[in-house]
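In what follows, a structure is listed as structure tokens, so that the remarks can point back to it.
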There are 2 protein chains.
Amino acid sequence: MAVTIRDVARDAGVSASTVCRALSSPELVKAETRERVRRSASALGYSPNKAARGLITGRTGNLGLIVPDLANPFFPGVVKGIQARARELDYAVFVADTDEVPTAEAELVQALAKQVDGIVLCSPRMSESALRPLAEQTPTVLLNRRVSRIPSVTFDNLDGMRQAVAHLTALGHRRVAYVGGPRSSWSNRERLRGLRTAAAANRLELVEVGNVLPQFTGGIAAADLVLAADVTAVVAYNDLIALGLLSRFRARDVDVPGHISVIGIDDIAMSAMVHPPLTTVSSPVEQSGRAGVDLLLDLMENPDRTATARRELDTHLTVRGSTGPLHRP
Amino acid sequence: MAVTIRDVARDAGVSASTVCRALSSPELVKAETRERVRRSASALGYSPNKAARGLITGRTGNLGLIVPDLANPFFPGVVKGIQARARELDYAVFVADTDEVPTAEAELVQALAKQVDGIVLCSPRMSESALRPLAEQTPTVLLNRRVSRIPSVTFDNLDGMRQAVAHLTALGHRRVAYVGGPRSSWSNRERLRGLRTAAAANRLELVEVGNVLPQFTGGIAAADLVLAADVTAVVAYNDLIALGLLSRFRARDVDVPGHISVIGIDDIAMSAMVHPPLTTVSSPVEQSGRAGVDLLLDLMENPDRTATARRELDTHLTVRGSTGPLHRP
DNA sequence: TTGAAAGCGATACCAT
DNA sequence: ATGGTATCGCTTTCAA
């Protein structure tokens, strides 16, 4: 079948060891021999078997990536960032989708652990106590989650919320709702914390209307609760929820932003495509993926020094038509 | 580090061979021994190293998947379907995104070929002559593309277009535009062919307004051409383009569906979320992914007999608010 | 029913 | 500078 190192060795009239060296440590081989080997290799179309190499070197050249739900456009962005960086570094990427089932996370990590050099865990929902042993077993980087002694890439949710509240305050809003996402989401907790802090600092009333699925339907479901809460603005855990709110508001003939202002988080592409376009807290999603890969490689080379490495990326408010000044009497 | 088969063997007081058999060919091992081995294995948290196994069996237990652009919500759907099926069958999946760069396809196939048992090529843009040698080298299944002697899963684009035209005809439309996607897209060619056939059969005028990127911005760009074409309805290569059309129409104060009807293809989630919601030709996307995996496994077991296996999945028109009867004078 | 040993493909160490 | 050999973890004859 496939051409092996021994085929090349025979063809070039040298030993397998020499072929190996000629290809991976050229400086150790006489120029003439090296050339002969290289010619044979490319003539036969040889390329080394990564699995076999990994067996002995302990490096597979593969990375693992686990995300909660590819149907949420936020995550494909992360995947693209990771892919792009991984390809630059000549790594291949296993991708697994847990379908928002927290127990699937650990299973998938276990399944991938032996065939990858490291794993990027994106927005994991599992508990810290479940997470830490996994991270000790395989080099792991967390995205959108912070856990002590595990490297992570996060967005500055606190500052994002501060910007959102500042914007609403400037527009005259005094009473604002928050539609929460999954309770097990670290981002959700951070966003809530950021909102509380910012609200207090601005003497704004914050109404928490509960937790919903981080999806369009979650927003649909929350919309009526928001209206009943008698607020003039609402911040949603993510853009999908915010889009659900917008949709339901329209169905109920509630004017946005005339009657109520809406702010989402993530800045998924769709947010700019709807009408009115959604004001949202933008995060550099692809960049977070790239940063995750870089952190992972650091970690692999240097298990201890970088164990607590952290990148926190800036967010910024993108103001669009779904927020506006308060007109109500 | 990781627990190996020998650790389990020692713990259970048997040889490595027996552990291997107990786990993969249980019927060859005495029940009692088998149980003991299994207990040791799970106590130690053993799971076999796929790479090492692959070295000897020639099977890696991995699949490769190559898609043009994860940012187009159609593709994450495919990925989810493939993942789900692959996980059921205990396969892990490499995912690679070409960013719509056709030359990246072959490179990625080459890079993955040696570490997977088979590859699913989703909507490949490369030429047939480039495709065929790749498919001969590694078991390959095509999604959304048909090439002789390579197994494939496709949607019944022709019938989908027939349904779309029937719908528009029933509403009274006589002159319809088509906004094309990438010229190198097989689906685009099929859709165009289907439209031409159906238009002729219904004595409908079909205006082809050129090819655009299969993205929201493509639709924005095409909208003005469509308006200038003096049609009462437009079919777009995909939903993203259709959403771009809707957006631009709204910006130009063109009423949909009062002044013009719009039909997309794919039925991505967003299509139901906008206003007016988009009429579209729905395809069973996740199912196509699952079918792709099944075809691939057939092919692996049976390289010759199934070389030309084909699945064509039914599509159906989902009518929503973006199409309506003709009111114009 | 079980164990010993060979070997998959590549690499790394030890000789020469 | 090059070759021989052991080894990675697992599966698979072949014997017992």
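In the text below, chain A, chain B and the rest are named by the order of the sequence lines, each starting its count at 1. Remember, it's a predicted structure, so these values are computed and weren't measured experimentally.
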key: Under-4.0 Å salt bridge between B:Arg85 and B:Glu286   = no

key: Residues A:Lys80 and B:Asp99 bridged, charged N to O under 4.0 Å   = yes

Interatomic distance where [atom1] belongs to [X] and [atom2] belongs to [N] [whole Å]:
X: A:Ile56; N: D:dT5; atom1: CD1; atom2: C1'; answer: 11 Å
X: B:Lys50; N: C:dC8; atom1: NZ; atom2: C1'; answer: 18 Å
X: B:Asp7; N: D:dG9; atom1: CG; atom2: P; answer: 9 Å
X: B:Glu32; N: C:dT2; atom1: CD; atom2: C1'; answer: 13 Å
X: A:Lys114; N: D:dC8; atom1: NZ; atom2: P; answer: 18 Å
X: B:Ile5; N: D:dC8; atom1: CD1; atom2: P; answer: 14 Å
X: A:Arg6; N: D:dG3; atom1: CZ; atom2: C1'; answer: 13 Å
X: B:Leu23; N: D:dG9; atom1: CG; atom2: P; answer: 17 Å

Tell me if the side-chain of [X] makes a donor-acceptor pair with the base of [N], cut-off 3.5 Å, by modelled atom types.
X: B:Ser17; N: C:dA4; answer: yes
X: A:Thr4; N: C:dG9; answer: no
X: A:Thr57; N: C:dA10; answer: no

ask   = For DNA chain C, whose closest nucleotide is more 5', that of B:Arg34 or that of B:Leu55?
value = B:Arg34

Select one nucleotide: of [options], the one nearest the side-chain heavy atoms of [X].
X: A:Thr18; options: D:dT2, D:dC8, C:dG3; value: D:dT2
X: B:Cys20; options: D:dT12, D:dA1, C:dT1; value: D:dT12
X: A:Pro48; options: C:dG3, D:dC10, C:dA10; value: C:dA10
X: B:Lys30; options: C:dG9, C:dG3, C:dT1; value: C:dT1
X: A:Ala16; options: D:dT13, D:dC10, C:dT11; value: C:dT11

task = Look at all strands and tell whether A:Val19 reaches a base, only sugar-phosphate, or nothing, counting heavy atoms closer than 4.0 Å.
result = nothing

query = Under 4.0 angstrom, heavy atoms only, what part of the nucleic acid is B:Thr33 near: base, sugar-phosphate, or nothing?
reply = sugar-phosphate

inquiry  = Checking side chain to side chain contact (heavy atoms under 4.5 Å, CB included) between B:Cys122 and each of B:Val153, B:Thr98, B:Ile66, B:Asn144, which is the one that passes?
reply    = B:Asn144

inquiry  = Are the side chains of A:Leu44 and A:Asp11 in contact, using a 4.5 Å heavy-atom criterion?
reply    = yes

task = Using a cut-off of 6.0 Å, state whether more than 12 heavy atoms not belonging to A:Glu88 lie near its atom CD.
result = yes

